[in-house]
Protein chains: 2
Amino acid sequence: MKPTHITIKDIAKMLGVSPSTVSRALKDHPDISEETRNLVKTFAEKVKYRPNALALSLRKQKTNTLGLIVPEIVHHFFSSVISGMEDLAYGEGYTMMICQSNENFYREVINLQALLDHRVDGLLVSISKTTREFNHLHNALDSGIPMVFFDRICDELDTDRVITDDFEGARIATTHLIETGCRKILHLAAPRHLLIGKNRYEGYAQALKNHKIPLDESLVLKCDTREEVMSMRQHILTLAPQIDGIFGVNDSTAIAVMQVLQENGYRIPQDISVVGFGDGPIATIASPPLTTVEQKGYEMGREAVRLLIQRLENPSAMINNQTKIITPSLVRRKTSR
Amino acid sequence: MKPTHITIKDIAKMLGVSPSTVSRALKDHPDISEETRNLVKTFAEKVKYRPNALALSLRKQKTNTLGLIVPEIVHHFFSSVISGMEDLAYGEGYTMMICQSNENFYREVINLQALLDHRVDGLLVSISKTTREFNHLHNALDSGIPMVFFDRICDELDTDRVITDDFEGARIATTHLIETGCRKILHLAAPRHLLIGKNRYEGYAQALKNHKIPLDESLVLKCDTREEVMSMRQHILTLAPQIDGIFGVNDSTAIAVMQVLQENGYRIPQDISVVGFGDGPIATIASPPLTTVEQKGYEMGREAVRLLIQRLENPSAMINNQTKIITPSLVRRKTSR
DNA sequence: ATCGATTCCGCAATCGGTTGCGGGTTCGAT
DNA sequence: ATCGAACCCGCAACCGATTGCGGAATCGAT
């Protein structure tokens, strides 16, 4: 802050009035005569006066800053979320202070402390994978700061939340496969102890049930990374002749399995249809382009900020905590009929 | 900021001393007796006192905050850059205020103003595509605030800079093709009026020259998006029989051209080798995985912050502006021999 | 008892802006 | 001439910290 900004006192001195008068003139306080007001305003304009946000925050006890803790910025989903948050926040006159925990509990605690030190008005949090203990968040909450969890929520804490409807996304994907003629659908699943693994599996199961297709557990494989697909290729190829569709728990496994099949003479989607679950732009560059479920990170970001600001601007209203569910939507491309 | 944080005055009152004493005790000022110091320190610890960063910034005329303006957060390259910046900045005791211009000049101006209003200590900027006029940046610079450009630099402004060595990256990529046996190398290029188009083309040309391979302009195609590859597929296929290597100006065109060739019976890399220029994780999921030039966004981010902090902490030293060049490196995968 | 030197701590100003309250000036009315 | 009401504006406190300076208390020395 070497650059010496012009202050209200500078203006006051140069105009021979008091700082109070300058302050009031600039904000059209009725106590100030029109003459003085114009004088101050035009002069302030001329010298490009800009109020010091720090001083304002200190005085008003409000920083107009939102604190964000996110596991990793370098993730298409999270960067979309940030983008959505940023757009809405700036539109509403808030700025953002962004921290990444790098999936590290200790850094999450440090980050939270830094945000609180800066007196952010509210918190947006997606917890790290290594966070098993929530005292830091609990304390913040108890101290009264508004907080919204998104995507990686914390069950123990009663706050506003924004989450993806994984169940519904999986149901939509599987239903799409069924409606385009598939009957024997392989599900490449994440571990059942992870929420997304559980919810997407159940969505898959529900779609089958709705269409009276029996659920065959031998068609549900724990396999949620590209590497895992590669190491299970033999097993997948033995299954291949008896299936006509695949629902992958994420795009990279869907694309990987597609490649394995193609290398072995299967045509996509003529022989087997494939649907993924969106985690980025890779779906569009797959060959053929992958039909997938879009996660709407940008929208989730906007929604989280909307909830937070709503709470900030109605501090009195004891609104019940809301859980906003973002329903993902199917993007039909070329790997399904 | 509804939560009522505990202040130095609160502590003073409860301990029956003056705020000055508390302040000094907390920072081991010799004027304070050991007895008082311990009293204050243990009490402060007990009530979890944390200094108000706003008040400190106002008083010290230093915010320990770095302002960032980036075109788009949702871009693997830029989010890597941000990640690198964030990691180093927090490690050095700085926080970051992040704005995205969305490639919009007007928003860039607004963002800059917001950052200056918040009295950030320094600026990290990558200019938007639509920015043709630099008064806003010029004014900031004139007012004396340290600024570092990265990736999308502004030639007219004399500042520290961090850029990718596109020429060298292209030279390395092309050389790799030559050294693995290619002689007729197609270059899918960006427009020559863009810096990356020009520099990567020249790197390509230099590599050929170094190996005494004549440059054939009919093997340089202006074609830098996936869509463009698709619309030029016929032309590319007529060229295909006479070439043995392709250098794509970015990964998505490299992958696209690879797919076109594969669909027409060419084997990669047996018949034709392909090398891209890195813009994300898509290279690894291509089939076969794409050999490409890695852009090192994370490192660029760290380097930019390093330059900025260096200037902030040696305000007196009239260091000459530096241009830090990040040399990208080749990542050999399976599309080249 | 008085003085000088230490030791330890508080007053008050400052950073930049906001705001309750009180006061001076001008005016018309009586 | 006197009073009261508008009309304008400044004083000072405040937000939470820091810091130069001065001063009270204590001690030993003369």
Side-chain angles (χ1 to χ4, degrees), chain A residues 1-41 43-44 47-65 114 116-121 143, chain B residues 1-41 43-44 47-65 114 116-121 143:
Chain A
M1 224 153 69
K2 179 178 49 183
T4 170
H5 296 267
I6 184 156
T7 75
I8 250 183
K9 292 181 189 173
D10 296 331
I11 299 183
K13 205 163 296 174
M14 316 200 75
L15 255 38
V17 296
S18 79
S20 347
T21 301
V22 176
S23 172
R24 283 191 261 251
L26 290 175
K27 49 175 44 177
D28 295 319
H29 191 289
D31 267 9
I32 306 299
S33 69
E34 189 178 336
E35 189 188 5
T36 311
R37 191 181 346 129
N38 290 335
L39 178 70
V40 170
K41 280 191 167 183
F43 186 80
V47 299
K48 296 202 171 98
Y49 167 75
R50 298 244 87 210
N52 184 322
L54 263 51
L56 275 177
S57 297
L58 185 59
R59 180 68 234 248
K60 297 291 195 63
Q61 297 294 83
K62 179 157 200 306
T63 52
N64 278 278
T65 300
L116 294 177
D117 286 354
H118 280 269
R119 303 299 191 261
V120 295
D121 292 335
S143 88
Chain B
M1 225 153 67
K2 178 177 50 183
T4 170
H5 295 267
I6 184 155
T7 76
I8 244 180
K9 291 181 190 172
D10 296 331
I11 298 183
K13 204 163 295 172
M14 317 200 75
L15 254 36
V17 296
S18 79
S20 345
T21 300
V22 176
S23 171
R24 282 191 262 252
L26 290 175
K27 50 174 45 175
D28 295 320
H29 190 288
D31 267 10
I32 306 299
S33 70
E34 189 178 334
E35 189 188 5
T36 310
R37 187 176 355 124
N38 290 334
L39 178 69
V40 171
K41 279 191 168 185
F43 187 80
V47 298
K48 297 203 173 102
Y49 166 74
R50 297 245 90 211
N52 183 321
L54 290 157
L56 275 178
S57 297
L58 184 60
R59 180 68 232 252
K60 298 290 195 66
Q61 298 292 85
K62 179 156 200 309
T63 51
N64 277 279
T65 300
L116 294 177
D117 286 355
H118 281 268
R119 304 298 190 261
V120 295
D121 292 335
S143 87

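Every chain is numbered from 1 and lettered A, B, ... according to where its sequence line falls, protein lines coming before strand lines.
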Chemist: Verify, without hydrogens or angle tests, whether B:Asp121 (side chain) and B:Lys62 (backbone) share a donor-acceptor contact under 3.5 angstrom.
Modeler: no
Chemist: Of A:Thr7 and A:His29, whose nearest nucleotide on DNA chain C comes first from the 5' end?
Modeler: A:Thr7
Chemist: Can you name the salt bridge (charged side-chain N to carboxylate O under 4.0 Å, His left out) partners of B:Lys41, sequence neighbours left out?
Modeler: B:Asp28
Chemist: Counting distance only, does the side-chain N/O of A:Asn38 pair as donor-acceptor with the main-chain N or O of A:Glu35 below 3.5 Å?
Modeler: no
Chemist: Side-chain donor-acceptor pair under 3.5 Å between B:Ser18 and B:Thr21, yes or no?
Modeler: yes
Chemist: For A:Arg37 and D:dC7, what is the distance between atoms CZ and P respectively, to the nearest whole Å?
Modeler: 13 Å
Chemist: Which residues in residues 12-23 of chain B have a heavy atom closer than 4.0 Å to any atom of DNA chain D?
Modeler: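 Those residues are B:Ser20, B:Ser23.
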Chemist: Tell me the closest heavy-atom pair linking B:His118 and A:Thr65, and the distance in Å.
Modeler: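 Looking at all heavy atoms of both residues, the closest pair is CE1-OG1, 4.3 Å.
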Chemist: With side chains defined as the heavy atoms from C-beta onward, is the minimum distance between A:Val17 and A:Val22 less than 4.5 Å?
Modeler: yes
Chemist: Rounded to whole Å, please give me the gap between CG in A:Leu26 and C1' in D:dC9.
Modeler: 15 Å
Chemist: CD1 of A:Ile11 versus P of C:dG16: gap in Å, rounded?
Modeler: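 Answer to the nearest Å: 12 Å.
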Chemist: Does the side chain of A:Ser33 get closer than 4.0 angstrom to OP1 or OP2 of D:dC9 through an N or O atom?
Modeler: yes
Chemist: Please compare B:Ile32 and A:Lys27 by the position of their nearest nucleotide in DNA chain C and report the one closer to 5'.
Modeler: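 Counting from the 5' end, the first nearest nucleotide belongs to B:Ile32.
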Chemist: Is there a donor N/O on one and an acceptor N/O on the other, under 3.5 Å, for the side chain of A:Arg50 and the base of C:dG17?
Modeler: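 Looking at the base of C:dG17, it does not pair with any donor or acceptor on the side chain of A:Arg50 (distance under 3.5 Å).
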Chemist: From C:dG16, C:dG10, C:dC8, pick the nucleotide closest to the side chain of A:Ala55?
Modeler: C:dG16
Chemist: Provide, to the nearest angstrom, the distance between the NZ atom belonging to A:Lys62 and the P atom belonging to C:dT18.
Modeler: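 About 15 Å, once rounded to whole Å.
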Chemist: Taking only the side-chain nitrogens and oxygens of A:Gln61, find out if one of them lies under 4.0 Å from OP1 or OP2 of D:dC14.
Modeler: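 Checking D:dC14 against A:Gln61, no side-chain N or O comes under 4.0 Å of OP1 or OP2.
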Chemist: Nearest-Å distance, NE2 (B:His118) to P (C:dG17)?
Modeler: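 From B:His118 NE2 to C:dG17 P: 13 Å.
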Chemist: Which residue lies toward the 5' end of DNA chain D, B:Arg24 or B:Tyr49, if each is placed at its nearest nucleotide?
Modeler: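 On the 5' side of the pair lies B:Tyr49.
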Chemist: Give the angle between the helix axes at the two ends of the helix from C:dA1-D:dT30 to C:dT30-D:dA1, taking five base pairs at each end and rounding to 10°.
Modeler: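 Axis-to-axis angle, ends of the helix: 90°.
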Chemist: Measure from CD on A:Glu34 to P on D:dC9 and round the result to the nearest Å.
Modeler: 12 Å
Chemist: Give a yes/no answer on whether the side chain of B:Lys60 brings an N or O atom under 4.0 Å of OP1 or OP2 in D:dT19.
Modeler: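 So the side chain of B:Lys60 is outside the cut-off, no N or O lying under 4.0 Å from OP1 or OP2 of D:dT19.
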Chemist: Can you measure A:Glu35 atom CD to D:dC8 atom P for me and round it to whole angstrom units?
Modeler: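 Whole-Å distance recorded here is 10 Å.
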Chemist: In terms of side-chain heavy atoms of B:Arg59, which of C:dC15, C:dG17, C:dT19 is nearest?
Modeler: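 Selected nucleotide: C:dC15.
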Chemist: When rounded to the nearest 0.5 angstrom, what is the spacing between CG in B:Leu116 and NE2 in A:His5?
Modeler: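 Between B:Leu116 CG and A:His5 NE2, I get 6.5 Å after rounding to 0.5 Å.
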Chemist: Under 3.5 Å, is there an N or O donor on one side and an acceptor on the other linking the side chain of B:Arg119 and the base of C:dG17?
Modeler: no
Chemist: Could you state the CG-P distance from B:Asp31 to C:dT7, rounded to the nearest angstrom?
Modeler: 10 Å
Chemist: Closest to the A:Leu56 side chain: D:dT18, D:dC11, C:dG17?
Modeler: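 My answer, after comparing the listed nucleotides, is C:dG17.
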Chemist: Taking the side chain as every heavy atom from C-beta outward, state whether A:Leu15 and A:Val40 have any atom pair closer than 4.5 Å.
Modeler: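 A side-chain contact under 4.5 Å exists here.
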Chemist: Any luck finding a side-chain donor-acceptor pair between B:Thr36 and B:Ser33 under 3.5 Å?
Modeler: yes
Chemist: Quick one: which of D:dC8, D:dG16, C:dT19 gets closest to the side chain of B:Asn52?
Modeler: D:dG16
Chemist: Under the 3.5 angstrom rule, does the side chain of B:Ser57 hit a backbone N or O of B:Ala53 as a donor-acceptor pair?
Modeler: yes
Chemist: So, taking the atom named CD1 in B:Ile8 and the one named CZ in B:Arg24, what distance separates them when rounded to the nearest 0.5 Å?
Modeler: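 Reported to 0.5 Å precision, the distance equals 10.5 Å.
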Chemist: Using a 4.0 Å heavy-atom cut-off, does A:Lys9 contact any base of the nucleic acid, only the sugar-phosphate backbone, or nothing at all?
Modeler: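 Contact class for A:Lys9: base.
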